[in-house]
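Following: one structure in structure tokens, then a few remarks.
Note on naming: letters A, B, ... go to the chains in the order of the sequence lines (proteins, then strands), and numbering restarts at 1 for each one. Computed from a predicted model, the values in this text were never measured in an experiment. Because only heavy atoms are used, hydrogens play no part in the values below, and waters and symmetry mates are left out as well, while side chains stay in.
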There are 2 protein chains.
Amino acid sequence: MDMKIIINTLKEKGYKITAQRKMIVSILIEQKDNLISAYFINEECNKRHEKANISTVYRNLDVLVESDLLHRFIDDDGNALYKLKCKDSHHHHLICTVCGKTEVINYCPLEKLQALSLEKSFILTHHKIELYGYCKKCTPQ
Amino acid sequence: MDMKIIINTLKEKGYKITAQRKMIVSILIEQKDNLISAYFINEECNKRHEKANISTVYRNLDVLVESDLLHRFIDDDGNALYKLKCKDSHHHHLICTVCGKTEVINYCPLEKLQALSLEKSFILTHHKIELYGYCKKCTPQ
DNA sequence: GTCAATGCAAATCCTTTGCAACTAA
DNA sequence: TTAGTTGCAAAGGATTTGCATTGAC
């Protein structure tokens with residue numbers, strides 16, 4: 001997902017394009033497959049000409065999530081991590097527990113899960129499949 | 001998992017059995033398949049003869065998680081929810097988003113996931129498969 | 001000009017910690 | 001006796017909010 005598509009989507013939804021908003025999006029684009037925190041984005045902002053307050057960062061991340069442009073993960077400590085969505089079909093992620101890098105897995109046992117849910121009289125609305133481990137770079141020798 | 005097994009496991013690990021500890025475990029047993037918060041447990045404690053401070057609740061939940069007796073979920077708001085483990089084989093959960101009730105799904109596409117991870121040179125250490133929806137009771141008409 | 005977005009400081013919520021007093025074994 | 005446990009109050013850390021000011025369109 002590139003800057004133009006994101007900006008256009010936001011404009012269509014009536015959001016204004018501010019310097020802070022563009023900067024936050026460009027940081028997310030740079031980090032593409034890496035899960036990053038609001039704090040990390042804020043630090044990156046501080047390194048640049050236009051700073052953005054941490055509450056501005058949070059507000060912008062909320063806008064992006066609500067606009068279905070951004071994926072919010074919650075880690076085991078309960079903290080939010082973010083990564084831009086790709087417009088691919090339904091998929092899940094491999095997540096490196098060392099560096100936060102993610103990779104897409106184009107596999108989902110949805111039919112099987114649906115069938116099992118029905119057996120239990122559960123109506124399935126959504127699901128989470130997350131695979132954790134070491135990416136190539138971070139694999140211990 | 002019943003009280004006796006839990007108490008014995010804790011004793012074996014050198015933990016003492018206090019009134020608060022027993023009360024917290026019995027509340028978890030009563031709620032069996034329901035995901036509950038530390039706050040909920042604290043409120044239940046307050047209704048009974050022996051109260052337990054919220055920090056005591058958290059400390060006891062930590063002990064139970066570390067002893068592999070308790071499952072800690074993190075919800076989409078980043079808050080922790082708990083439920084006693086069952087000693088069954090590897091499995092995943094259906095989770096009702098209304099009442100927190102869970103049901104065990106004895107299915108895991110582990111082989112497939114392992115194979116896909118290897119293709120990406122990822123070493124898989126653990127994974128999360130969580131199915132969300134409405135349980136029978138909470139299904140909207 | 002108007003309404004959304006920002007910065008700042010304060011507030012909130014959940015969770016953790018330090019420490020003195022207590023208690024199970 | 002003595003190490004683990006508790007209660008209390010205070011601290012922490014991530015996230016949110018109120019409000020006056022600013023800025024995009």
Minimum-distance nucleotide (side-chain atoms of A/Asn79 versus D/dA14, C/dA24, D/dC25):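 Out of D/dA14, C/dA24, D/dC25, the nucleotide with an atom closest to A/Asn79's side chain is D/dA14.
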
Nucleotide nearest A/Asp62 (side chain, heavy atoms from C-beta), chosen from D/dT15, D/dT16, C/dT6: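 Selected nucleotide (nearest to the side chain): D/dT16.
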
Five-pair end axes of the helix from C/dG1-D/dC25 to C/dA25-D/dT1, angle between them (10°):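 Inter-axis angle at the ends, rounded: 40°.
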
Interface residues of residues 36-59 of chain B with DNA chain D (non-hydrogen, below 4.0 angstrom):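 The answer is B/Lys51, B/Ala52, B/Asn53, B/Ser55, B/Thr56, B/Arg59.
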
DNA chain C: 5'-proximal contact among B/Tyr15 and A/Lys16 (nearest heavy atom):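 With B/Tyr15 and A/Lys16 compared, the 5'-side residue is A/Lys16.
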
Exam field: side chain A/Thr102 to backbone A/Asp33, donor-acceptor pair closer than 3.5 Å: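 At least one qualifying donor-acceptor pair exists.
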
B/Arg72 side chain vs B/Val65 backbone, donor-acceptor pair below 3.5 Å: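 Not at all, since once roles are kept as given, no pair shorter than 3.5 Å links the two residues.
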
[X] [atom1] to [N] [atom2], straight-line distance once rounded to whole Å:
{"X": "B/Gln20", "N": "C/dA24", "atom1": "CD", "atom2": "P", "value": "9 Å"}
{"X": "A/Ile17", "N": "D/dC25", "atom1": "CD1", "atom2": "C1'", "value": "11 Å"}
{"X": "A/Leu61", "N": "D/dA14", "atom1": "CG", "atom2": "P", "value": "15 Å"}
{"X": "B/Asp77", "N": "C/dC13", "atom1": "CG", "atom2": "C1'", "value": "11 Å"}
{"X": "A/Leu10", "N": "C/dA4", "atom1": "CG", "atom2": "P", "value": "15 Å"}
{"X": "B/Glu66", "N": "D/dG4", "atom1": "CD", "atom2": "C1'", "value": "14 Å"}
{"X": "A/Asp75", "N": "C/dT15", "atom1": "CG", "atom2": "P", "value": "13 Å"}
{"X": "B/Lys22", "N": "C/dT23", "atom1": "NZ", "atom2": "C1'", "value": "13 Å"}

Could [X] and [Y] be called an ion pair, given the rule that one side-chain N must be under 4.0 Å from one carboxylate O?
{"X": "A/Lys32", "Y": "A/Asp2", "value": "no"}
{"X": "B/Lys128", "Y": "A/Asp76", "value": "yes"}
{"X": "B/Arg48", "Y": "B/Glu30", "value": "yes"}

A/Tyr82, OH: over 12 other non-hydrogen atoms inside 6.0 angstrom: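 Counting other residues, nucleotides and ligands, OH of A/Tyr82 exceeds 12 neighbours.
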
Within 6.0 angstrom of B/Lys22 NZ, more than 12 heavy atoms from elsewhere: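 No.
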
Ring centre gap for A/His127 and A/His92 strictly below 6.0 Å: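 Yes - the distance between ring centres of A/His127 and A/His92 falls below the 6.0 Å cut-off.
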
Verdict with reasoning, A/Phe73 to A/His93, per ring-ring contact (aromatic ring centres under 6.0 Å, His included): CA-CA 11 Å; A/Phe73 282 85; A/His93 293 94; 5.7 Å; yes

